[in-house]
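Below you'll find the structure, written out as structure tokens, and then a few comments.
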Amino acid sequence: MDFADDVVLLGHDGPGHPAIAQERVRLVPLPVYHGKPGRGLSIQMRVRHGKATLLSVTQDAEGRLGLLVAEGEAVAGPTLQIGNTNSRYRFPLGVRGFVDAWSKAGPAHHCAIGVGHHAAWLEKLADLSGLRFQRVC
């Protein structure tokens, strides 16, 4: 979280799709592969600047699955150069409001990030699939 710029930095190791990259995707050699024994290659990229949607698959105490969604914007600025997909996101709730609402909604550790705003489509998908739907922004 960058409170001064009011953005959330989100990223993780693993694959990144070049079709949603801001610039050229890089393969970065890592002497220690994300804390695991051995070394390896990782994909480093930033998500294209503009509208973005976060999607988390959730599960409540009764075992029911749901979709948790937030719409925001991928914005320019410094990111960590550590061999990951890593981007800066601004949400209408501000960094504090977003982190509070997202955390209270019970997201999974991983989430999907897509370019564009897709909450309306995801809500229809949830309805057709019998899934709970929650939109934080």
Side-chain angles (χ1 to χ4, degrees):
M1 293 174 272
D2 182 335
F3 293 107
D5 283 346
D6 201 31
V7 296
V8 177
L9 284 93
L10 289 173
H12 208 288
D13 61 319
H17 200 293
I20 68 167
Q22 174 64 26
E23 60 268 323
R24 188 172 173 215
V25 174
R26 294 179 44 218
L27 286 177
V28 178
L30 300 176
V32 176
Y33 189 72
H34 298 288
K36 300 168 188 80
R39 56 182 188 249
L41 286 175
S42 189
I43 294 173
Q44 183 168 294
M45 63 169 268
R46 291 188 298 170
V47 172
R48 185 178 338 131
H49 299 158
K51 295 177 181 179
T53 301
L54 271 60
L55 168 65
S56 180
V57 177
T58 62
Q59 187 174 25
D60 66 16
E62 288 77 40
R64 293 174 299 187
L65 297 176
L67 301 181
L68 172 61
V69 173
E71 290 181 335
E73 181 180 7
V75 296
T79 57
L80 301 171
Q81 301 299 300
I82 55 175
N84 286 344
T85 298
N86 197 298
S87 296
R88 301 165 62 86
Y89 299 93
R90 185 165 286 126
F91 296 96
L93 302 172
V95 65
R96 287 174 175 85
F98 167 76
V99 171
D100 188 51
W102 187 257
S103 298
K104 286 179 179 176
H109 173 73
H110 292 103
C111 68
I113 300 171
V115 296
H117 283 170
H118 303 288
W121 182 86
L122 291 166
E123 185 172 16
K124 290 176 187 174
L125 175 66
D127 185 53
L128 290 170
S129 303
L131 301 171
R132 292 178 307 108
F133 180 84
Q134 186 173 2
R135 180 178 175 175
V136 299
C137 58

Checklist line | Audit row: E23, R46, side chain to side chain contact (heavy atoms under 4.5 Å, CB included) steps and yes/no | finding: CA-CA 7 Å; E23 60 268 323; R46 291 188 298 170; 2.9 Å; yes
Notebook entry, point to check: From L128 CG over to E123 CD, what is the distance, rounded to the nearest 0.5 angstrom?
Noted result: 11.0 Å
Notebook entry, point to check: Between R48 (side chain) and A74 (backbone), is there a donor-acceptor pair under 3.5 Å?
Noted result: no
Item checked: Within-4.5 Å side-chain heavy-atom neighbours: L68 and W102 -> yes
Check: Is a donor on one side and an acceptor on the other found under 3.5 Å between the side chain of Q44 and the backbone of R26?
Finding: no
Next item on the list: Check the pair I43 / L27 against side chain to side chain contact (heavy atoms under 4.5 Å, CB included), numbers first and verdict last.
Entry: CA-CA 5 Å; I43 294 173; L27 286 177; 3.9 Å; yes
Next item on the list: Could you tell me the separation between the CD atom of E73 and the CZ atom of R90, rounded to the nearest 0.5 Å?
Entry: 7.0 Å
Next item on the list: Give the minimum heavy-atom separation between A101 and L93, together with the two atoms involved.
Entry: CB-CD1, 4.0 Å
Notebook entry, point to check: Looking at OG1 of T85 and NE2 of H17, how far apart are the two atoms once the value is rounded to the nearest 0.5 Å?
Noted result: 11.5 Å
Item checked: Nearest non-hydrogen partners of L67 and A126, listed with the distance -> CD1-CB, 3.9 Å
Checklist line | Minimal non-hydrogen separation, R88 against D5, with atom names | finding: NH2-OD2, 2.7 Å
Checklist line | Heavy-atom closest pair, residues A108 and S56 | finding: N-OG, 2.9 Å
Checklist line | ILVMFWY cluster, V7 and V136 together (side-chain gap under 4.5 Å) | finding: no
Checklist line | Single-linkage hydrophobic cluster, 4.5 Å side-chain cutoff, L65 and L125 together | finding: yes
Check: Same cluster for V99 and L9 if Ile/Leu/Val/Met/Phe/Trp/Tyr side chains link at under 4.5 Å?
Finding: no
Item checked: Derivation of the side chain to side chain contact (heavy atoms under 4.5 Å, CB included) call for V47 and Y89 -> CA-CA 10 Å; V47 172; Y89 299 93; 3.2 Å; yes
Next item on the list: Evaluate the criterion side chain to side chain contact (heavy atoms under 4.5 Å, CB included) for residue pair R135 and L122; output intermediate values, then yes/no.
Entry: CA-CA 10 Å; R135 180 178 175 175; L122 291 166; over 6 Å; no
Note to self: Nearest 0.5 angstrom please: R64 CZ to L131 CG, how far?
What the structure shows: 11.5 Å
Next item on the list: Is it possible for you to say whether V115 and V69 belong to one hydrophobic cluster, with membership spreading through side-chain heavy-atom contacts below 4.5 Å?
Entry: no
Check: Between E71 and F91, which heavy-atom pair has the shortest distance, and what is it?
Finding: O-CD2, 3.6 Å
Check: Can you tell me if T53 uses its side chain to pair, donor with acceptor, with the backbone of H118 under 3.5 Å?
Finding: yes
Note to self: To the closest 0.5 Å, what do you measure between CG (L55) and SG (C111)?
What the structure shows: 8.0 Å
Note to self: I need the L10 CG to M1 CE distance, nearest 0.5 Å.
What the structure shows: 10.0 Å
Next item on the list: Specify the closest pair of heavy atoms between V95 and F3, including all atoms of both residues, with the distance to one decimal.
Entry: CG1-CD2, 3.4 Å
